[in-house]
Amino acid sequence: IASALAVSGLAVASASATLTVYTDQAAWEQAVSNAGYTPMEETFDGITIFDMQPGGGPYLVGDSFELTVTGQQGNTDDAFIDGGRFHGEIFPDTRHLSYVHTFAQPVIGFGQFFDGAATGLGLRIVTGEGEIDIFDYYTGFADGFLGYTSDVPIMSVEIIGSDADGGTAVGEIYDVDNTVWAVVPAPGSLALLGLGALAARRRR
């Protein structure tokens, strides 16, 4: 990991939520588990989707989430899933603007291991409750994990380009080795979990 700051679990306040940012996947998974949620992971193994373009989706990634490419239709940019990774190319002025991950249920956390930022610019994770810029946690970014947990559930997460000066109208080429998230259980599931815990206490 290139020059990662020695920080994981740094809280970032927004208007209605607190996003806690992690640069270590194991620490993210531990935080999610400690909060009573189950960390989920998509490794992209065994999935092949070529020619992912604006207007062509949303693309279902396994049974995990839908991925939508935003931007101008009819370009030849490469975005695809193959060989156990997602490859994205963001050029917001003329081509792909962003990659939107949409989940079937609200999530309280999300993260990705970014394997190489070929142009050396950067990425930003955008949620409805705040944004996380990779340059706030990495310098000279090459590869590493960036994720968050939130005290407010979020349905979708968007990846856009970024630069060290805080700009977003920049290009970026990158690969993702894996994506992680934690789903908020449906109310019925929460009730069942509560009943299960109560029964376990009674047995003891």
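In what follows, residues are counted from 1 in the order of the sequence shown.
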*Asks:* Ile49: which residues meet the side-chain contact (heavy atoms from CB on, under 4.5 Å) condition with it, sequence neighbours left out?
*Replies:* Ile47, Met52, Tyr59, Ile81
*Asks:* What are the two closest non-hydrogen atoms of Gly128 and Ile154, and how far apart are they?
*Replies:* N-CG2, 4.4 Å
*Asks:* Same cluster for Ile160 and Tyr99 if Ile/Leu/Val/Met/Phe/Trp/Tyr side chains link at under 4.5 Å?
*Replies:* no
*Asks:* Quick check for you: to the nearest 0.5 Å, what is the distance between Thr70 atom OG1 and Leu97 atom CG?
*Replies:* 4.0 Å
*Asks:* How far apart are the closest heavy atoms of Ser64 and Glu42, and which atoms are they?
*Replies:* OG-OE1, 2.8 Å
*Asks:* Just checking His96 against Phe91, ring centres under 6.0 Å apart?
*Replies:* no
*Asks:* Determine whether Pro185 and Val183 make a side-chain contact, defined as any pair of heavy atoms from C-beta on separated by less than 4.5 Å.
*Replies:* no
*Asks:* Just checking, any donor-acceptor pair under 3.5 angstrom between side chains of Ser162 and Asp133?
*Replies:* yes
*Asks:* Which is it for Thr38 and Met40 under the side-chain contact (heavy atoms from CB on, under 4.5 Å) test, yes or no, and what are the steps along the way?
*Replies:* CA-CA 6 Å; Thr38 301; Met40 311 291 287; 4.2 Å; yes
*Asks:* Write down the atom of Gly84, the atom of Asp45, and the distance for their closest heavy-atom approach.
*Replies:* CA-OD1, 3.5 Å
*Asks:* Using modelled atom types and a 3.5 Å cut-off, is there a donor and acceptor pairing between side-chain atoms of Thr43 and backbone atoms of Asn178?
*Replies:* no
*Asks:* Between Pro54 and Gly71, which heavy-atom pair has the shortest distance, and what is it?
*Replies:* CB-O, 3.5 Å
*Asks:* Check for me whether the distance between the ring centres of Phe80 and Phe86 falls short of 6.0 Å.
*Replies:* no
*Asks:* Within a strict 4.5 Å, meaning less than it, do heavy atoms of the Val69 and Gln53 side chains meet?
*Replies:* no
*Asks:* List in chain and number order the residues that pass ring-ring contact (aromatic ring centres under 6.0 Å, His included) with Phe103, two or more places apart in sequence or in another chain; answer none if no residue qualifies.
*Replies:* Phe65, Trp181
*Asks:* Give the cluster check for Val157 versus Phe44: same hydrophobic cluster or not, with ILVMFWY residues linked at side-chain heavy-atom distances below 4.5 Å.
*Replies:* yes
*Asks:* Take a 6.0 Å sphere around CG of Asp63 and say whether it holds more than 12 heavy atoms from other residues, nucleotides or ligands.
*Replies:* no
*Asks:* Supply the atom-to-atom distance Tyr138 OH to Phe145 CZ, rounded to the nearest 0.5 angstrom.
*Replies:* 8.0 Å
*Asks:* Only one of Thr179, Asp177, Asp175 clears side-chain hydrogen bond (donor to acceptor under 3.5 Å, both in side chains) with Gln112; which?
*Replies:* Thr179
*Asks:* Can you check whether Thr18's main-chain N or O pairs, donor with acceptor, with Asp151's side chain at less than 3.5 Å?
*Replies:* yes
*Asks:* Ignoring hydrogens and geometry, is there a side-chain-to-backbone donor-acceptor pair from Arg95 to Asp78 under 3.5 Å?
*Replies:* no
*Asks:* Shared ILVMFWY cluster between Ile159 and Tyr137, side chains joined below 4.5 angstrom?
*Replies:* yes
*Asks:* Answer yes or no: is there a donor N or O on one side and an acceptor on the other, between the side chain of Ser150 and the main chain of Pro153, under 3.5 Å?
*Replies:* no
*Asks:* When hydrophobic residues are tied together by side-chain contacts of less than 4.5 Å, even through go-betweens, does Tyr174 share a cluster with Leu67?
*Replies:* yes
*Asks:* Would you say the side chain of Leu146 lies within less than 4.5 Å of the side chain of Val21, judging by non-hydrogen atoms?
*Replies:* yes
*Asks:* Any heavy-atom pair between the side chains of Thr149 and Leu19 that's under 4.5 Å?
*Replies:* no
*Asks:* Any chance you could measure Ile134, atom CD1, to Thr23, atom OG1, to the nearest 0.5 Å?
*Replies:* 10.0 Å
*Asks:* Report the distance from atom CZ of Arg124 to atom CD of Glu172, rounding to the nearest 0.5 Å.
*Replies:* 12.5 Å
*Asks:* Between CE of Met155 and OG1 of Thr127, what distance do you get to the nearest 0.5 Å?
*Replies:* 13.5 Å
*Asks:* Does Tyr37 reach the main-chain N or O of Ala31 with its side chain, forming a donor-acceptor pair under 3.5 Å?
*Replies:* no
*Asks:* What closest approach, in Å, do Thr168 and Pro92 show between heavy atoms, and which atom pair accounts for it?
*Replies:* O-CG, 4.1 Å
*Asks:* Could you list the residues that satisfy side-chain hydrogen bond (donor to acceptor under 3.5 Å, both in side chains) with Glu66, not counting sequence neighbours?
*Replies:* none
*Asks:* Would you name the heavy atoms of Tyr22 and Tyr148 that are closest together and state the gap between them?
*Replies:* CD1-CA, 4.3 Å
*Asks:* Any side-chain heavy atom of Glu41 within less than 4.5 Å of one from Gln25?
*Replies:* yes
*Asks:* Are Val180 and Val184 connected into the same hydrophobic cluster when the rule is that any two of I, L, V, M, F, W, Y join if their side-chain heavy atoms are below 4.5 Å apart?
*Replies:* yes
*Asks:* Side-chain contact, heavy-atom cut-off 4.5 Å: Phe114 with Leu123?
*Replies:* yes
